[in-house]
K.L.:
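Mind looking over this structure? Questions follow.
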Amino acid sequence: MKPVTVHLKAKEVQEIQGGPMSAYEALEQLGVRGLDRVVSVKIDGELADLSTQIDSQVELKPVYLNSKEGLEILRHSTSHVMAMAVQELFPGVKVTIGPAIEDGFYYDFDYERPFKKEDLSRIEEKMREIIKADLPFTGREVTSQEANDFFKGLGEDYKVELITDLGAENVKLYTQGSFTDLCRGPHVPSTGMINAFALTKVAGAYWRGDENRPMLSRIYGVAFENRKELKQYMRRIEEAEKRNHARLGPQLGLFSTYNEIGAGMIVWHPKGAMLRHIIEEFEIREHLKRGYELAKGPSLLKTELWNKSGHFENYREHMYFTDIDEQSYGIKPMNCLAHMLIYGSRIRSYRDLPKRYFELGTVHRHERSGVLHGLLRVREFTQDDAHIICTPEQLNNEIKGVLDFVRDVMDIFEFDYELEVSTRPEKSIGTDEDWDLAINALKVAMEDSHLQYDINEGDGAFYGPKIDVKLKDALGRKWQCATIQCDFTLPERFDLVYIGKDGQKHRPAMIHRVILGAIERFIGILIEHYAGAFPTWLAPVQAVILTVTDRSIPHGEGLLRALEDADIRLEADFRNEKLGLKVREAQLQKIPYMLIVGDKECDREGLTPRLRNGQNLPLMSAKEFIERISEECKQRR
RNA sequence: GCCACCGUAGCUCAGCUGGAAGAGCACCUCACUCGUAAUGAGGAUGUCUGCGGUUCGACUCCGCACGGUGGCUCCA
């Protein structure tokens, strides 16, 4: 027997020597504390089961249940328990895949009927039995051939397909009780380690994410270290629901949708229309500051033109068409065409470049019914769209300029964001040189700006690579807002040129970009971001005057005029109601300032502001209040 | 588009296995003139999303359509 040496990777290095033993035994001998909460172990940095035999010199690090990796293992093991429960309850079900995801796990099944919400409690109950039985998870390595034969014998076609596609010599199988699954592992030592889980939802999911393959039945669950954590998670979801823009929007009088108008169409009520107006005005100013010019194209353009641009070929399914005087027209799903024509309307010199055309352009897209989602995915929306046409040499600088723009704007709205670069997809047009140039321009610009980014291999548009900026909603779902896309097709198709220093015609480069993306989507996320309590500069109603009694109405009216003259967005609540009620209602509307006007204020010709957080400011004059609020807006707070 | 769930008063929701539609808030009227998250009393409110079907009888069961939510796919 070969002696083994084990180091414990911890603050103080400990060491033992001895014969072959399991990782668990080694940790035990090393005197690791809290072994009952250790789910796995890292052997020389690799995650492994606690039962792994050690027969050489290694370094060990225990993985605790409450660590990121520990929770992932717990969640993955819970998905195996669920698969076992489902197999016991629904004979004939075929298992497919079941990974750990954020906060939980899922498992996809193929069964004679889709699973329903009602099935969940039965499955949970069966899972609790399995957990109570404390079945050990045992892993073993077998040849792919053996594994294939095993799953074929069980009629588990999906597993056979997975093993075949893996193409490995050996694969690992994990068994707990009567259930064996193909799995990389590791797993918790036994099912008894799972003590806080819940099945949350059922959903359809295509096998291997391909809509041409069978629709499987997916069950989602969450799992945590203990019940307390699980409860906290549930509370987190409830809190997120309070921020839900689809609920807050109508409550705050911002927008609503109507069954009778149609899906994916937003109706902006006065306060929401005001909010849009504030944002749009802000955007126009910011664009003009940065050398953009305003442009505006029509909504209906001849189908012939969409043909020329390639949209008819590549984007037809998302477009709406109509006939006018026996001519076919398409409603614009993008704003680029008119901008191309504006550029092409005269001869351009390299001295004119870059041209930056900005348009708050309203577009219509036929999104499939199942993807519509509140304000975040709609069929009519307005983009803060711009097209930058420049020389290839200017590309890098222009991209940096847009990245700076994005950063400045996101700072003002207090958003954190993630960046992704998407590279050439399989189906694409343009030369390799163009693609390399553009991807390089994007990457260099990101690196020059010291920005972190992920790469989405093959996820670019068919006409060019792109940088996407993603914001998160209240539930942590990511939504694309800003995007910066290089495009080689349109300058080509529209034969855009500029005259270079050499007096020759050259093809310009083009960037298609949005900063907020769609105003609708952005406002949706903005509502959740601020939970409806907009900072003063954005609030559609900045202040409301609340009279204490009817005696204060004349003074209140004077204040109303003075503040309105100062362009403060104002409401007046002069009703003969108790102050407490008026405060409550203003509070529920999340208005930044309540201006209390009673006898005291009348005597001293002022007002007493109450902030949304309940704090009172000292009695002040209208002038003082105007100064305060103007300063706040100037600082965009 | 696919899978699951849902649609009852302006809003939030109750309404069991089919037997004459309910509550709270909001709204309207009256009284109260009141100092920081709900004053009191009274009143009105419905195509139970729509259309078909089953049934003596449908908010309830079935089918289809419309709309929404959570996923999948798609998508900039």
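Chain A is the first sequence line, chain B the second, and so forth, proteins listed ahead of strands; every chain is numbered from 1. In this text, all values refer to a predicted model and were calculated from it rather than measured experimentally. Computed over heavy atoms, backbone and side chain alike; hydrogens, waters and symmetry mates excluded.
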K.L.:
Across the strands shown, which category fits A/Ala205 at heavy-atom distances under 4.0 angstrom: base, sugar-phosphate, nothing?
P.N.:
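Sugar-phosphate contact only.
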K.L.:
Categorize A/Gly614 for me: base, sugar-phosphate, or nothing, with a 4.0 angstrom heavy-atom threshold over every strand shown.
P.N.:
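Counting heavy atoms under 4.0 Å across all strands, no contact is made by A/Gly614.
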K.L.:
With sequence neighbours excluded, tell me which residues meet ring pair (Phe, Tyr, Trp, His ring centres under 6.0 Å) with A/Tyr315.
P.N.:
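Once residues adjacent in sequence are excluded, the partners of A/Tyr315 under the ring pair (Phe, Tyr, Trp, His ring centres under 6.0 Å) criterion are A/His318.
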K.L.:
Is the shortest side-chain N to carboxylate O distance from A/Arg235 to A/Glu238 below 4.0 Å?
P.N.:
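Salt bridge absent between A/Arg235 and A/Glu238.
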K.L.:
Choose from B/C72, B/G70, B/G35 the nucleotide whose nearest atom is closest to any side-chain atom of A/Val548.
P.N.:
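Output: B/G35.
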K.L.:
Looking at A/Arg551, does any N or O in its side chain come under 4.0 Å of the phosphate oxygens OP1/OP2 on B/C34?
P.N.:
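For B/C34, OP1/OP2 do have a side-chain N/O of A/Arg551 under 4.0 Å.
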K.L.:
Could you pull out all residues at least two apart from A/Arg122 that satisfy salt bridge (Lys or Arg N to Asp or Glu O under 4.0 Å)?
P.N.:
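Counting only residues at least two positions away or on another chain, A/Arg122 forms no salt bridge (Lys or Arg N to Asp or Glu O under 4.0 Å).
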K.L.:
Which atoms of nucleotides 73-76 of chain B (N or O only) lie under 3.5 Å from a protein N or O atom, and what are those distances?
P.N.:
residue	atom	partner	partner atom	Å
B/U73	O2'	A/Glu211	OE2	3.2
B/U73	O2	A/Arg368	NH2	3.3
B/C74	O2	A/Arg377	NH2	3.1
B/C74	N3	A/Arg377	NH1	3.3
B/C75	O2	A/Arg377	NH1	3.3
B/C75	O2	A/Arg377	NH2	3.0
B/A76	O3'	A/Gln485	OE1	2.9
B/A76	O3'	A/Gln485	NE2	2.1

K.L.:
For A/Arg424, is there an ion pair with A/Asp459 - N to carboxylate O distance below 4.0 angstrom?
P.N.:
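No.
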K.L.:
Report the residue (A/Met594 or A/Thr549) whose heavy-atom-nearest nucleotide on RNA chain B is the more 5′ of the two.
P.N.:
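On the 5' side of the pair lies A/Thr549.
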K.L.:
Could you summarise the pairing of RNA chain B as dot-bracket text, marking Watson-Crick and G-U pairs under 3.5 Å with ( ) or [ ] inside the strand and | across strands?
P.N.:
(((((((..((((.....[..)))).(((((.......))))).....(((((..]....))))))))))))....
K.L.:
Verify the distance criterion only: is there a donor paired with an acceptor across the side chains of A/His512 and A/Gln485 at less than 3.5 Å?
P.N.:
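No donor-acceptor contact under 3.5 Å links the two side chains.
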K.L.:
Roughly how far apart are A/Glu124 CD and A/Thr200 OG1, rounded to 0.5 Å?
P.N.:
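Separation between the atoms: 9.0 Å.
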K.L.:
Base, sugar-phosphate, or nothing for A/Glu241, non-hydrogen atoms under 4.0 angstrom?
P.N.:
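Nothing, no nucleic acid heavy atom in range.
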K.L.:
Once you round it to whole Å, what is the distance between P of B/G35 and CG of A/Asp550?
P.N.:
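A/Asp550 atom CG is separated from B/G35 atom P by 13 Å.
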K.L.:
Under a 4.0 Å heavy-atom cut-off, which of residues 577-588 of chain A touch RNA chain B?
P.N.:
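Per residue number, the list reads A/Glu577, A/Lys578, A/Leu579, A/Gly580, A/Leu581, A/Val583, A/Arg584, A/Gln587, A/Leu588.
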K.L.:
Starting from the 5' end of RNA chain B, give me the residue, A/His366 or A/Gly598, whose nearest nucleotide shows up first.
P.N.:
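Result: A/His366.
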K.L.:
What about A/Phe415 and A/His529, are their ring centers closer than 6.0 Å?
P.N.:
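Yes.
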K.L.:
At under 4.0 Å, does any side-chain N or O of A/His373 touch on OP1 or OP2 of B/G70?
P.N.:
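For A/His373, the contact criterion (side-chain N or O under 4.0 Å from OP1 or OP2 of B/G70) is met.
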K.L.:
Could you list by number each residue of residues 245-272 of chain A showing a heavy-atom separation from RNA chain B of less than 4.0 Å, or answer none if no residue does?
P.N.:
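Nucleic-acid contacts, sorted: A/Asn259, A/Ala263, A/Gly264.
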K.L.:
Which is true for A/Leu372 with a 4.0 Å heavy-atom rule: it touches a base, it touches only sugar-phosphate, or it touches nothing?
P.N.:
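Since only primed, P, OP1 and OP2 atoms lie under 4.0 Å of A/Leu372, the category is sugar-phosphate.
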K.L.:
What is the distance from atom CD of A/Glu528 to atom CH2 of A/Trp479, rounded to the nearest 0.5 Å?
P.N.:
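If we round to the nearest 0.5 Å, A/Glu528:CD and A/Trp479:CH2 are 9.5 Å apart.
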K.L.:
Rounded to whole angstrom units, what separation is found between the CZ atom of A/Phe115 and the C1' atom of B/C2?
P.N.:
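Whole-Å distance recorded here is 17 Å.
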K.L.:
Side chain of A/Asn576, heavy atoms from C-beta onward: which of B/C3, B/C32, B/G71 has the nearest atom to it?
P.N.:
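For A/Asn576, the side-chain atoms sit closest to B/C32.
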K.L.:
Need one value for A/Arg218: base, sugar-phosphate or nothing, where a base atom within 4.0 Å counts as base even if backbone is also close, heavy atoms only.
P.N.:
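Contact class for A/Arg218: sugar-phosphate only.
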K.L.:
When the distance from OH of A/Tyr593 to C1' of B/U36 is rounded to whole Å, what number comes out?
P.N.:
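So the OH-C1' distance, A/Tyr593 to B/U36, works out to 16 Å.
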K.L.:
Let me see the working for A/Phe358 and A/His387 under ring-ring contact (aromatic ring centres under 6.0 Å, His included), right down to the final yes or no.
P.N.:
CA-CA 7 Å; A/Phe358 172 65; A/His387 297 90; over 10 Å; no
